[in-house]
Amino acid sequence: MTAMKEIDAGLKQTEVKARREYLIRQLNKLGTYHADTGQALRLISLSELEWMHITAKNDFARSYYGGD
């Protein structure tokens, strides 16, 4: 692998790690500490974290604004 490809791969890993950590912090702020399956948030995939975050934000908005 060339040096630039190695740098690019390293940056992508760093970005994924940062996004995972951000989502976990946000979910914790919304009161979510585990997935519906009982798994710790650190053990589930990034895509699952993204969906959980979207769902948690929607649930919070509905409860805040008196929706369903």
Notebook entry, point to check: What pairs of residues pass the salt bridge (Lys or Arg N to Asp or Glu O under 4.0 Å) test when at least one of them lies in residues 44-55, not counting sequence neighbours?
Noted result: Arg19-Glu50
Next item on the list: Apply side-chain contact (heavy atoms from CB on, under 4.5 Å) to Arg62 and Asp59, showing your working.
Entry: CA-CA 5 Å; Arg62 278 190 210 102; Asp59 291 346; 3.0 Å; yes
Next item on the list: Name all residues meeting the side chain to side chain contact (heavy atoms under 4.5 Å, CB included) criterion together with Lys17; count only those two or more places apart in sequence or in a different chain, and write none if there are none.
Entry: Glu21
Next item on the list: Output yes when Lys5 and Asp8 qualify as a salt bridge under the 4.0 Å nitrogen-oxygen rule, no when they do not.
Entry: no
Margin query: Measuring from atom CG of Leu23 to atom CE of Met52, what distance do you get when rounded to the nearest 0.5 angstrom?
Written below: 10.0 Å
Check: How many angstroms lie between CD in Glu15 and CG in Leu46, if you round to the nearest 0.5 Å?
Finding: 11.5 Å
Notebook entry, point to check: Residues in side chain to side chain contact (heavy atoms under 4.5 Å, CB included) with Thr37, at least two apart?
Noted result: Ala35, Gln39
Next item on the list: Please check if Leu49 and Leu43 belong to a single hydrophobic cluster, counting links between Ile, Leu, Val, Met, Phe, Trp and Tyr side chain heavy atoms closer than 4.5 Å.
Entry: no
Next item on the list: List for me each residue that meets side chain to side chain contact (heavy atoms under 4.5 Å, CB included) alongside Asn28, sequence neighbours excluded, and say none if there are none.
Entry: Ile24, Tyr33, Leu41
Notebook entry, point to check: Are Leu27 and Ile44 linked, directly or through other ILVMFWY residues, by side chains that come within less than 4.5 angstrom of each other?
Noted result: yes
Item checked: Transitive ILVMFWY cluster of Trp51, excluding itself - 4.5 Å side-chain cut-off -> Ile54
Margin query: Under 4.5 Å side-chain heavy-atom separation, chaining through any Ile, Leu, Val, Met, Phe, Trp or Tyr, what else clusters with Ile7? Say none if it is isolated.
Written below: Met4, Leu11
